[in-house]
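Have a look at the structure below before the remarks.
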Amino acid sequence: MTDPIRNLPSPAGWNLDSSYGRLPTAFYARAAPTPVSEPRMAVLNRPLAESLGLDADQIDDPAIFAGNTLPPGVQPLAQAYAGHQYGNFTMLGDGRAILLGEQVTPEGGLFDIQLKGSGPTPFSRRGDGRAALGPMLREYIISEAMHALGIPTTRSLAVVTTGEPVFRETPLPGAVLTRVASSHIRVGTFQYAAARGEKMLLQALADYTLHRHYPEAAAAQHPCFAVLEAAIARQAALLARWQLVGFVHGVMNTDNMALSGETIDYGPCAFMDAYDPATVFSSIDRYGRYAYGQQPEIAQWNLARLAEALLPLLPGDEPQAVEMANGAIEGFEIHFQRHWLAGMRSKLGLFNEESDDAALIQSLLGWMQQTKADFTNTFRGLGDASSSALFPDAAGNEWHQRWQSRLSRQPQSAGEAAELMRRHNPAIIPRNHKVEEALAAAVEKGDLGVMQRLLAALAQPYDAAPRQAEYRLPSGSGSYRTFCGT
Ligand code: AMP
Ligand code: MG
């Protein structure tokens, strides 16, 4: 699909393609990072660098990740997109992010390398194009935690401080995050193409998405429809993964949903402590639109916006296209339920299926909500020999016995069930108070050691060592609020 112009690999391993730049020019604006006065490395993800084919020693240079120096042959751009923000449609675009290109890995993978907070672009509107250190480290921590949990996500290659303040409510230290993604194609990118009203743009984007993420759809009778169905299936799988670990994204606008099926745009996100479907962390989500329990429904709503955007490319006349699209969107619920139920069975140590399993799970969740039980620690505790101690009250005790007899009806041993549970119930998640502690040390004292220790613990979420007990304590206060901090 794309012509093979590629920059020669540099000694550091940079091998950046510019396939997005070969889309019609409506999809982006040329924009270069604005150099900063005093770039300093805050954190570099060496294992990620190596997996991208980069030499971690040679790229350990803050000037690269600040945008002061560009890898050879880079043609930077800002992507155009639109999106429903809290339900309202708006034209957006990268206002503070710049795509350097797509790194071609030694295995032939293609990964966007994007600088976030690298200065204004033609899409910045009234924004300064910059980012503060706290939110960029936050994205680094949470995205790497999600990756270690095995959940599809964009990743973080580096954070550098700029030596320049950004002005929010107060002056804050500025920073640039280097984000690595399978792509930055969003539901909002399709909405943008549809809003432009040129079928050619929509077709070009759909072809690009197909080649990049869903090559198997090329063989389908209706390739665009196959892309839609596959994207819906991937989001359903992703949402189930979020729900199974208590992750609250916080701002599921359609511009923050990626066609790759990766979690993207970590803003006011956090992990739930006590189980409650109404959990919201974002200070600006006043009506709980993006609460924990709403997430699957919102994902489906967003995917309906994707389907709407794709209608002109679906076969048949409009009523036929709408019917096909509706069928695909209904498929979300089926996929989601299947993934969620399978995941919950594993969390409970169940290898086989019984018709009452959904009721057994709902009963546990109901008890957890009533007793304000910690989501992560309750599930993790199920795999311990002393699991009955988690359920001191009569209702809890009854549930525990019901679960025990369910376990006894499967052929696998208690040891095998415990092992299954250990692999599906993380011990260590990025607890809000530990994330805040790490950010405060970095931002207020320039001490990055607290974050490094947190990152090390988060890298092994399923095998907690006894010395890591401090990372397993719930955050306590139920009124934790995250601020977008843009
Ligand atoms: P987000 O809330 O990060 O998903 O961003 C929503 C939109 O606002 C995107 O188009 C961003 O590029 C834009 N934006 C956020 N912060 C800034 C900023 N400081 N300067 C310019 N644009 C921004
Ligand atoms: Mg966004």
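Each ligand, and each atom within it, is numbered from 1 in the order the structure gives.
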Close-contact set for ligand 1 against Gly93 heavy atoms, below 4.0 Å: 9 (C), 10 (O), 12 (O)
Ligand 1 atoms in contact with Gly129 (distance to a heavy atom under 4.0 Å): 18 (C), 19 (N), 20 (N), 21 (C)
Could you go step by step and tell me if Ser51 and Glu107 meet the side-chain contact (heavy atoms from CB on, under 4.5 Å) rule? CA-CA 9 Å; Ser51 77; Glu107 294 76 34; over 6 Å; no
Are Leu92 and Phe123 side-chain neighbours, meaning at least one heavy-atom pair lies under 4.5 Å? no
Is any side-chain N of the basic residue among Arg431 and Asp273 closer than 4.0 Å to the acidic one's carboxylate O? yes
Between Tyr290 and Asn253, do the side chains contain a donor N or O and an acceptor N or O under 3.5 Å apart? yes
With side-chain contact (heavy atoms from CB on, under 4.5 Å) as the criterion, how do Arg179 and Asp265 come out once you've worked through the C-alpha distance, each side chain's angles and the decisive distance to 0.1 Å? CA-CA 10 Å; Arg179 180 155 74 179; Asp265 269 358; 2.7 Å; yes
With distance as the sole criterion, is a donor-acceptor pair present between the side chains of Ser143 and Thr153 under 3.5 Å? no
May I ask you to check whether Tyr140 and Tyr266 place their ring centers less than 6.0 Å from one another? no
Please answer whether the main-chain N or O of Arg472 pairs with a side-chain N or O of Asn377 as donor and acceptor at a distance below 3.5 Å. yes
In ligand 1, the atoms that come under 4.0 Å of a heavy atom of Asp255 are 4 (O)
Once you restrict to heavy atoms under 4.0 Å, what part of Arg168 touches ligand 1? Side chain, backbone, both or neither. side chain
Winner among Asp128, Ile264, Thr121 once heavy atoms are compared against atom 19 (N) of ligand 1: Asp128
Under 4.0 Å from a heavy atom of Gly127: give me the atoms of ligand 1 that qualify, with their elements. 20 (N), 21 (C)
Under the side-chain contact (heavy atoms from CB on, under 4.5 Å) rule, what do Leu311 and Leu314 come out as? Steps first, then yes or no, please. CA-CA 5 Å; Leu311 280 181; Leu314 298 187; 4.0 Å; yes
Below 4.0 Å, non-hydrogen atoms only: which portion of Asp94 touches ligand 1? Side chain, backbone, both or neither. backbone
Should the proximity of Arg130 to ligand 1, defined as any heavy atom under 4.0 Å, be assigned to the side chain, the backbone, both, or neither? backbone
Can you confirm whether more than 12 heavy atoms, excluding those of Glu297, are under 6.0 Å from its CD atom? no
So if I count the atoms of ligand 1 from 1 in the order they appear, which ones are less than 4.0 Å from some heavy atom of Asp265? 4 (O)
My understanding is that we take every heavy atom of each candidate and find the minimum distance to atom 15 (C) of ligand 1. Doing that for Gln79, Met91, Arg96, which one comes out nearest? Arg96
Phe123 contact mode with ligand 1 (heavy-atom cut-off under 4.0 Å): neither
Among Val166, Ile284, Leu92, closest by heavy atom to atom 7 (C) of ligand 1 is Leu92
Ile141 vs Arg138, side-chain contact (heavy atoms from CB on, under 4.5 Å): CA-CA, chis, key distance, verdict: CA-CA 5 Å; Ile141 294 167; Arg138 205 182 147 73; 5.8 Å; no
Find all atoms of ligand 1 within a distance of less than 4.0 Å from any non-hydrogen atom belonging to Tyr81, and give their numbers and elements. 9 (C), 10 (O)
Run through the protein N/O/S atoms less than 2.8 Å from the Mg ion (ligand 2) and write them out by chain and number. Asn256 OD1, Asp265 OD2
Output the list of atoms in ligand 1 that are nearer than 4.0 Å to some heavy atom of Gln85, sorted by atom number. 6 (C)
Could Arg212 and Asp112 be called an ion pair, given the rule that one side-chain N must be under 4.0 Å from one carboxylate O? yes
Numbering as shown, the atoms of ligand 1 that approach Asn256 to under 4.0 Å (heavy-atom distance): 4 (O)
Just by distance, no angles: are the side chains of Glu330 and Asn326 close enough, under 3.5 Å, to form a donor-acceptor pair? no
